[in-house]
Amino acid sequence: MQMRAPAAEPRSPAPYDLPDATGHFGPYGGTFVAETLQAALAELRAAYDACRKDPAFQAELAYELEHYVGRPSPVYHAKRLSEELGGAQIYLKREDLNHTGAHKVNNTMGQALVARRMGKPRVIAETGAGQHGVATATVAARYGMECVVYMGTEDVARQAQNVYRMKLLGATVVPVSSGSRTLKDALNEAMRDWVTNVASTFYIIGTVAGPHPYPMMVRDFNAIVGKECLAQMPALAGRQPDYVLACVGGGSNAMGIFHPYIPHGDVKLVGVEAGGLGIGTGKHAATLSAGSPGVLHGNRTYLMQDADGQILETHSISAGLDYPGVGPEHAWLKDSGRATYVSVTDEEALAAFHALCRTEGIIPALESSHAVAHAMRLAPTLARDRIVLVNLSGRGDKDMHTVAKASGLEF
Amino acid sequence: MSRIAATFDRLRAARRAALVPFVTAGDPSPDLIPEMLRSLAANGADVIELGVPFSDPMADGPAIQRASERALRAGTGLARVLDAVRAWRREDDRTPIVLMGYANPVEHMGAAAFAARARDAGVDGVLVVDYPPEESADWVRTLGESGIDPIFLLSPTSSEARIDLVSRMAKGYIYYVSLKGVTGAAHIDTADVERMLGRIRSRTQVPVGVGFGIREPETARAIARFADAVVIGSRLVEEIERSTPAEAAARAGAALAAFRAGVDAAARDRAAA
């Protein structure tokens, strides 16, 4: 029997209604794209607005999330891990149990349904780790849509299994060899495809970045994660958590679990960025921790950039966090103080990966391992009746090769 | 009167379209920027669009993207581009220069600092591809305070409301992107462009230039019969890519001269019509 704090009288939630009508979160967000994409974005905003207000759309999405994706995902009390750390109780939101193995499908399912309503027969996507590409290829197969996924050649090499999964699902994977050959370059190339094929094509962006309405739309589709937690935590733990932790690359899983908690001022929101080899080395992807504001990929946000405003190449052991920007709503949450952002190195993430494997029998994605690593740092500093909720955003099957290599093994 | 307005006034009187070459600044080397500008001006450029290289040129096709990568590898940055324009401006006080690029280098320098430095260097207009009019109220005011023309894009998908929005903010000229796609993508349909230009002209007094997809002097001739300006970009950038650094400026100039012949032929076509 563990000790629990008496349920504190929760403060009444403070209203939060960003972005504004033009897609801004304070100074961040917006629609910073060339004229050639403005009509397509206007069409998308109108279509998504109609979907949001349409009960039939929401019912169809809810049905698909339950029967195809497998929602709701459980929240799990990681008792052995918590016990070993000897502090706060760690709970895991098990997005790794979704169909396709991560939170990404929440968003691709939603956007695929919007694409269908718009009558677009072709979907395109960018991908880093390949999870978003797989989730897009999956829903494209589910609805019989043509699917093209852009992926940096660097990531194609790191994530060969996911490339094969996308091909099995009928998608065409286009390797992108420009720039740093990673996620940002795949995004550039997908934008180019969209601007060229805008009549037939729906661009399924995989994170809470890009021009309005993408940061809002991707957040809304992932917010199911936090909404479920709001209901699950009182049932399981007797109250809401003290901390909500999530890894942040572009920031979609974090926005998904944070957003419903934003009005709950007692709940601390902590985003965990990829510290790579350490912030001091410059080889990292901790945009909010070490970057500065600028404009990239259609929105104003924090960026990793040099003295001339050129975008820097980033490093992380996890391809899914290896991105030099971050969703504009995270930039706003940082500046406003509602959320805080920390970083975890490759080494710490790997240690957390192994710890979760051994103590709980759960193999986490390397991305999610960053959030677990911060929970392992945080929990021992807190009393045993405190609650830390971690978004376990994906499973680690895709990372076997990377982890084995980091451990000095080869298959 | 700005150099851009004076140029379009002069050309309107002569019933000729402006020839506007685009090259990426610092490709092949930032040291060669003044030589490149000199060669373009000597071979028929009426206005020069100088691309500021950026690491993530989302609206550009492969040719200009590679040019950006070459320029960045050679050490080109926004400050270096402004210095080069300032140096060249001492010898050419007539040819308008328009900087064209992406928002982030400008944001990083700071819009006000950029505008002041650009004015001091002798820049006449600026087109930031990812600053659409709805995000540009402060930007247009800042440029205006330095006497620099804000150039905006219109595209085949621009609604009449957007044409009006751009018309209210644009000065110098409006750049009509004649293709759905990225720079250098394909050949354009002249009749489509003429129809859209008619739509735009019915709603604005600002001169309208046409670019994206003009790869042959004959296409330039066809467009120059009805447009206020013809922009030649990827075709020149490809010429530079195929050249040695020592020959790049001369070869870009020679390629431009062929387009100038096309534009001059269009002026004769107009006079004969």
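First the proteins, then the strands, lettered A, B, ... as listed; each starts at 1. Predicted, not measured: the structure shown is a model, and the values here were computed from it. What you see below is based on every heavy atom in this structure, not just the backbone, and it leaves out hydrogens, waters and symmetry mates.
Once rounded to the nearest 0.5 Å, the distance linking CD of A/Q305 with CG of B/D56 reads 11.0 Å. Note that CE of B/M58 and CZ of A/F32 are 11.5 Å apart. Values are rounded to the nearest 0.5 Å. Between the OG1 atom in A/T22 and the CD atom in B/E134 there is a gap of 9.0 Å [rounded to 0.5 Å]. Put simply, CG on A/L296 and CG on B/N104 are 7.0 Å apart, with the number rounded to the nearest 0.5 Å.
For B/K171, the NZ atom counts as loosely surrounded, since its 6.0 Å shell holds 12 or fewer non-hydrogen atoms of other residues, nucleotides or ligands.
Applying the salt bridge (charged side-chain N to carboxylate O under 4.0 Å, His left out) test to residues at least two apart or on different chains, the pairs with a partner in residues 136-146 of chain B are B/D138-B/R141.
In terms of heavy atoms, A/R192 sits closest to B/P57 at NH2-O, 2.7 Å. B/F54 approaches A/Q310 most closely through the heavy-atom pair CA-OE1, 3.2 Å.
Of the listed residues (A/G179, A/S178, A/S180, A/G30), the one with the most heavy-atom contacts under 4.5 Å to chain B is A/S178. Residue with the most contacts toward chain A among B/A79, B/P132, B/G77: B/P132 (heavy-atom pairs, distance under 4.5 Å). Taking A/L312, A/D308, A/L303, A/L37 one by one and counting their heavy-atom pairs under 4.5 Å with chain B, the maximum is reached by A/D308.
With sequence neighbours excluded, the residues forming a side chain to side chain contact (heavy atoms under 4.5 Å, CB included) with A/D220 are A/Y48, A/R52, A/M216, listed by chain and number.
Using a 4.5 Å heavy-atom cut-off against chain A, the contacting residues of residues 107-115 of chain B are B/E107, B/H108. Among residues 65-74 of chain B, the residues having any heavy atom closer than 4.5 Å to a heavy atom of chain A are, in sequence order, B/Q65, B/E69, B/L72.
When A/V295, A/N299, A/V33 are each tested for a side chain to side chain contact (heavy atoms under 4.5 Å, CB included) with B/D130, only one passes: A/V295.
Only the backbone of A/A307 comes within less than 4.5 Å of a heavy atom of chain B; no side-chain atom from C-beta onward does. For A/H24, the part sitting under 4.5 Å from any heavy atom of chain B is the side chain, from C-beta outward, and nothing else. Of the atoms belonging to B/S158, heavy atoms from both backbone and side chain fall under 4.5 Å from chain A.
Side chains of A/T31 and B/E135 form a contact here, defined as non-hydrogen atoms less than 4.5 Å apart.
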